Amino acid sequence: MHDAAAPSRNFIQEIIDHDLETNRWGGRVHTRFPPEPNGYLHIGHAKSICLNYGLASQFKGLFNLRFDDTNPEKEEEEYVKSIIYDVGWLGAKWDDRLVFASDYFEKMYEFAVELIKKGKAYVCDLTPEQMSQYRGTATRPGRPSPNRDRGVDENLDLLARMRAGEFPDGSRTLRAKIDLASPNFNLRDPVMYRILHAEHHHARDKWCIYPMYDWAHGFEDSIEGITHSICTLEFENHRPLYDWFINVVNEGRTADGSGPWGKKIHHPQQIEFARLELTHTVMSKRKLLELVKGNHVKGWDDPRMPTISGLRRRGYTPESIRAFCADIGVAKFNSVIEIVRLENAIRDELNKTAPRRMAVLRPLKVVITNYPEGQTDQLDAVNNPEDASMGSRKVPFSRELYIERDDFREEPPKGYHRLAPGREIRFRWAFFIKCESFVKDPATGEVTELHCTYDPATRGGDAPDGRKVKATIHWVSAAHAIDAEVRLYDHLFSVPRPEDVADGVDYKTNLNANSLEVLPAAKLEPGLAGSSAGTRIQFERHGYFSVDPDSSAQRLVFNRTVSLRDTWAKVEKANAPK
RNA sequence: UGGGGAUUAGUGUAAUGGUAGCACAACUGACUCUGGAUCAGUUAGUCGGGGUUCGAGUCCCUGAUCCCCAGCCA
């Protein structure tokens with residue numbers, strides 16, 4: 001309907017377009033990512049980071065990394081460090097704007113005093129249980145606290161003494177005086193401060209009263225001059241409260257600062273979007289923590305985890321995660337993205353960038369009976385057919401080799417193109433090879449060795465007589481191969497929506513028992529020796545792999561990032577008897 | 001059952017009163033020294049019911065379904 005070449009914009013970009021046209025913020029765009037340091041970041045946070053940082057860079061604005069650290073009981077320095085690392089790794093830049101909400105506590109306290117003076121806040125002596133009872137229900141309004149009409153001076157004195165540490169945890173709160181009958185519970189005199197004699201990871205022991213998120217958050221954005229406060233859908237109900245707080249502070253304030261209350265403060269615009277959900281995994285910090293604590297995974301950075309650190313260890317690149325986030329879009333609909341979209345993102349990138357190598361994951365020995373003993377041939381192998389500039393390498397060929405067990409079938413099924421008795425196929429970059437016979441372990445019936453012949457005229461992989469083969473398989477020379485451990489990963493959960501369980505059923509029953517398969521004795525081509533942690537390689541015909549930090553000089557460990565598309569596997573699965 | 005949001009192919013996402021498009025998935029076929037990659041094609045959609053209009057995914061009315069909210073969590 002419109003210009004087909006114009007890229008479509010999401011609803012937030014359209015809001016910003018409009019704000020820029022109407023000069024709402026003087027041409028400024030300033031966003032932020034405001035994590036609470038109470039856990040590791042996951043792919044859902046990546047969506048928010050890409051959104052916020054992406055908007056700032058598209059509109060030539062600014063981006064802050066701000067810790068929303070208002071609850072010392074759940075927060076830790078370890079999380080602060082991991083978050084800073086992960087956000088930077090994803091590619092967001094905040095220059096000198098790494099900030100902590102806890103650095104604004106003094107300013108927030110001044111605002112609280114101002115609210116009391118304006119008759120808009122009071123110290124409440126109700127216990128948590130009482131407060132809950134007083135709050136009312138969806139159909140019944142709340143009742144006023146007995147302390148709701150305390151005088152300004154008494155409130156001021158009590159708040160000062162709360163701050164001074166005179167009262168025990170939980171004994172009093174500071175509450176906003178709003179509307180006990182509001183259908184929005186957030187406006188039924190919400191708590192602004194609670195007493196918490198706890199050491200804070202950033203503010204240390206400076207405070208024993210801590211602001212509630214709802215009281216603090218709007219001011220954090222206001223203080224930093226954030227223009228577009230982007231958050232997830234569940235905060236939509238809170239927006240009226242943030243607006244109320246800022247409006248009350250601005251009551252009596254003026255643009256030029258004349259008058260008793262001083263200058264008006266900035267009033268950011270909050271915009272809510274749907275958080276990311278992915279199939280075959282869970283995204284709540286609580287559940288991820290549970291998986292870690294319950295040893296269902298090996299830590300926050302287990303390659304099966306949807307955490308940024310897990311994805312990084314799995315072999316994902318920042319570019320692929322950004323591409324994924326750009327691909328899925330931004331809207332207000334609670335959608336569930338198929339996890340193949342994430343997998344496609346890394347596959348697409350690695351297809352272009354990852355060098356190809358041969359690796360036999362489940363080795364089957366092959367003897368080339370007409371190849372001289374003790375002889376070695378160095379064959380040329382292309383490093384990446386997608387990118388000629390990546391050149392080629394030499395790979396040793398000799399009389400005894402390994403191939404994939406799955407590349408031989410004693411009785412090949414219909415449509416199977418690989419090795420079988422009497423069949424000729426190609427060894428990648430090497431020769432045409434024909435299977436003449438095989439050896440079976442009489443006890444187990446397992447095929448233990450193949451006897452094959454090669455055609456010397458096909459060196460390099462093409463037959464001078466023009467004959468064709470239907471398959472090309474990978475191989476490694478037995479004498480030259482290096483050993484490695486290979487870890488194959490599958491979805492953490494075996495069903496698309498693990499949290500969709502009947503009442504009383506734990507979502508963990510949907511954990512995929514086969515999400516990790518360890519192959520202890522893979523054989524790799526020798527050039528892979530000494531690969532450093534993080535190196536990304538395509539093992540031909542298998543997938544993309546990345547060197548795990550568990551690797552040592554003696555023994556490499558590879559993680560499978562993602563498999564190649566395998567249409568034959570799909571056909572076999574479809575043909576398998578149910 | 002009070003309030004706040006949402007609903008377009010299997011999954012996402014555009015279309016801002018004027019030809020319902022794109023991506024992923026699925027399925028065909030071509031090509032191929034990775035059963036990879038690539039290329040070409042096919043299937044498939046406006047939550048229901050009314051209304052306004054020359055014309056409705058879009059506006060109005062009405063119903064349904066889903067998500068969020070009664071922490072001194074964020």
Side-chain angles (χ1 to χ4, degrees), chain A residues 1-2 4 7-10 14 34-36 38 68-71 73-75 124 126-128 131-133 135-142 169-175 181-188 190-196 209-210 212-214 216-217 231-240 272 274 279 285 327-338 340-341 344 347-348 351-352 356 358 381-382 385-386 415-418 425-430 432 460-462 468-474 496 538-543 563-572:
Chain A
M1 333 232 150
H2 284 274
S8 66
R9 323 212 82 198
N10 64 51
E14 287 180 349
E36 184 190 18
N38 67 344
D68 214 326
D69 54 349
T70 56
N71 185 357
E73 293 187 317
K74 289 188 174 173
E75 299 159 10
C124 176
L126 254 25
T127 66
M131 202 183 288
S132 175
Q133 286 160 7
R135 191 148 17 228
T137 67
T139 48
R140 207 155 24 85
D169 286 3
S171 59
R172 292 175 207 270
T173 56
L174 182 71
R175 290 226 259 166
S182 173
N184 182 344
F185 284 99
N186 296 125
L187 301 177
R188 316 248 269 222
V191 172
M192 295 160 61
Y193 280 93
R194 74 279 218 190
I195 300 172
L196 235 43
I209 57 172
Y210 287 92
M212 297 293 291
Y213 173 88
D214 279 346
H217 196 81
C231 64
T232 43
L233 258 21
E234 69 270 30
F235 294 105
E236 217 150 12
N237 290 331
H238 299 238
R239 179 155 31 92
E272 305 86 7
T279 62
K285 281 187 193 173
D327 186 42
I328 58 175
V330 178
K332 296 193 72 155
F333 178 63
N334 274 308
S335 58
V336 182
I337 306 288
E338 293 171 333
V340 295
R341 300 279 289 268
N344 284 341
R347 221 175 342 229
D348 282 353
N351 176 45
K352 298 183 193 88
R356 270 113 251 219
M358 293 195 283
V382 170
E386 302 289 316
Y416 186 85
H417 296 158
R418 286 111 92 164
I425 52 94
R426 174 168 39 229
F427 273 24
R428 185 117 160 117
W429 312 121
F432 281 17
D462 289 303
K468 299 285 183 194
V469 288
K470 288 190 116 168
T472 300
I473 68 170
H474 61 277
Q538 184 195 104
F539 289 168
E540 293 226 29
R541 302 208 301 131
H542 283 300
S563 66
L564 251 22
R565 287 197 182 86
D566 188 347
T567 51
W568 169 248
K570 214 154 64 176
V571 169
E572 272 205 311

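Because only heavy atoms are used, hydrogens play no part in the values below, and waters and symmetry mates are left out as well, while side chains stay in. Being a predicted model, the structure only gives us computed values, none of them experimental. Labels below follow one simple rule: chain letters A, B, ... track the order of the sequence lines, proteins then strands, and each chain is numbered from 1.
- B:G50 and B:U58 have their P atoms separated by 14 Å, given to the nearest Å.
- The phosphate of B:U13 has OP1 or OP2 within less than 4.0 Å of a side-chain N or O from A:S335.
- Screening A:R541, A:R356, A:M358 for a side-chain contact (heavy atoms from CB on, under 4.5 Å) with A:R428, the sole residue that qualifies is A:M358.
- Applying the 3.5 Å distance criterion, the base of B:C68 shares a donor-acceptor pair with the side chain of A:N237.
- A 4.5 Å side-chain heavy-atom check between A:T173 and A:M212 finds every atom pair outside the cut-off.
- Among the protein residues, A:V336 comes within range of the sugar-phosphate backbone only, with heavy atoms under 4.0 Å from sugar or phosphate atoms but none that close to a base.
- For the C1' atoms, the distance from B:G21 to B:G35 is 33 Å, rounded to whole Å.
- Comparing the same atom, P, in B:A23 and in B:A40 gives a spacing of 10 Å after rounding to whole Å.
- Exactly one of A:V469, A:T472, A:I425 qualifies for a side-chain contact (heavy atoms from CB on, under 4.5 Å) with A:F432. That residue is A:V469.
- B:G49 and B:A64 are spaced 10 Å apart, taking the C1' atom of each and rounding to whole Å.
- The six-membered or imidazole ring of A:H474 lies near that of A:H542, with a centre-to-centre distance under 6.0 Å.
- Using a 4.5 Å cut-off on side-chain heavy atoms (C-beta onward), A:E236 and A:C231 make no contact.
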Each base of RNA chain B marked ( ) or [ ] if paired in-strand (Watson-Crick or G-U under 3.5 Å), | if paired to another strand and . if unpaired gives .((((((..((((....[..)))).(((((.......)))))....(((((..]....))))))))))).....
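- In B:G71 the base sits syn relative to the sugar, since the glycosidic angle is no further than 90° from 0.
- In this pair, A:Y213 does not lay its aromatic ring on the base of B:A74; centres under 5.5 Å and planes under 30 degrees do not both hold.
- Residue A:Y210 is classed as having no contact, given no heavy-atom separation below 4.0 Å to the nucleic acid.
- Look at CG on A:N351: it is 9 Å from C1' on B:U38, rounded to the nearest Å.
- Within the 4.0 angstrom heavy-atom criterion, only backbone atoms of the sugar-phosphate kind lie near A:M212; the bases stay farther away.
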Output, in order, the C-alpha distance, side-chain angles, deciding distance and verdict of side chain to side chain contact (heavy atoms under 4.5 Å, CB included) for A:L126 and A:R135. CA-CA 11 Å; A:L126 254 25; A:R135 191 148 17 228; over 6 Å; no
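- As judged by a 4.0 angstrom heavy-atom cut-off over every strand, A:S182 is placed among residues making no nucleic acid contact.
- As judged by a 4.0 angstrom heavy-atom cut-off over every strand, A:G415 is placed among the base-contacting residues.
- With B:A74, B:A70, B:C24 as the choices, the nucleotide that has an atom nearest any side-chain atom of A:E36 turns out to be B:A74.
- Here the side chain of A:N237 pairs no donor or acceptor atom with the backbone of A:N184 at under 3.5 angstrom.
- Closest contact between the side chain of A:R341 and the listed nucleotides B:A74, B:U11, B:G35 involves B:U11.
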Worked check of side chain to side chain contact (heavy atoms under 4.5 Å, CB included) between A:D462 and A:R426: CA-CA 9 Å; A:D462 289 303; A:R426 174 168 39 229; 4.1 Å; yes
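- Taking 4.5 Å as the limit, every side-chain heavy atom of A:R565 sits out of range of all side-chain heavy atoms of A:K570.
- Using a cut-off of 4.0 Å between Lys/Arg side-chain N and Asp/Glu carboxylate O, A:K74 and A:E36 are scored as not salt-bridged.
- A distance cut-off of 5.5 Å between ring centres, combined with a plane angle under 30°, places A:H417 in a stacking arrangement with the base of B:G35.
- In this structure, A:R188 places its CZ atom 12 Å from P of B:G3, rounding to the nearest Å.
- Atom CZ in A:R188 sits 7.0 Å away from atom OG in A:S182 (nearest 0.5 Å).
- At whole-Å resolution of the value, CG in A:L233 and C1' in B:C66 are 12 Å apart.
- Atoms CD (A:E236) and P (B:G4) sit 11 Å apart, rounded to a whole Å.
- Nucleotides B:G48 and B:C66, compared at atom C1', are 15 Å apart to the nearest Å.
- Using atom P as the reference point in both B:U8 and B:C73, the two lie 37 Å apart (nearest Å).
- Straight-line distance from the CD atom of A:E272 to the C1' atom of B:C69: 13 Å, rounded to whole Å.
- No contact: A:E73 has no heavy atom under 4.0 Å from any strand.
- Among the heavy atoms of the strands lying under 4.0 Å from A:R428 is at least one base atom, whether or not backbone atoms are also near.
- Counting any heavy atom pair closer than 4.0 Å across all strands shown, A:R239 reaches no nucleic acid atom.
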Taking only nitrogen or oxygen atoms into account, show me every contact under 3.5 Å that the protein makes with nucleotides 29-32 of chain B, one pair per line with its distance.
none

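- Taking atom CZ on A:F333 and atom C1' on B:G57, their separation rounds to 15 Å, with Å as the unit.
- Remark: P of B:C72 and CZ of A:R175 are 8 Å apart, rounded to the nearest angstrom.
- Comparing atom distances between the A:N334 side chain and each of B:C24, B:C67, B:C72 picks out B:C67 as nearest.
- Comparing the P positions of B:A26 and B:U11 gives a spacing of 15 Å, expressed to the nearest Å.
- If you check distances only, the side chain of A:E386 does reach the base of B:G36 with a donor-acceptor pair under 3.5 Å.
- Using a 4.0 Å heavy-atom distance criterion, A:I328 is classed as a sugar-phosphate-only contact.
- In this structure, CZ of A:R541 is placed 5 Å from P of B:G35, rounded to the nearest angstrom.
- The side chain of A:K570 contributes an N or O atom lying less than 4.0 Å from OP1 or OP2 of B:A26.
- The shortest distance between the side-chain N/O atoms of A:S8 and the OP1/OP2 oxygens of B:G21 is not below 4.0 Å.
- One P atom belongs to B:U46, the other to B:C27, and the distance between them is 24 Å to the nearest Å.
- Looking at A:H217 and A:T70, their side chains never come closer than 4.5 Å, going by heavy atoms from C-beta outward.
- Nucleic acid contact for A:Y416: base, since at least one base atom lies under 4.0 Å from a heavy atom of the residue.
- A heavy-atom distance below 4.5 Å is not found between the side chains of A:N71 and A:Y210.
- Out of B:A23, B:G35, B:G36, the shortest distance to the side chain of A:P385 is found at B:G36.
- Residue A:L126 is classed as a base contact, given a heavy-atom separation below 4.0 Å to a base.
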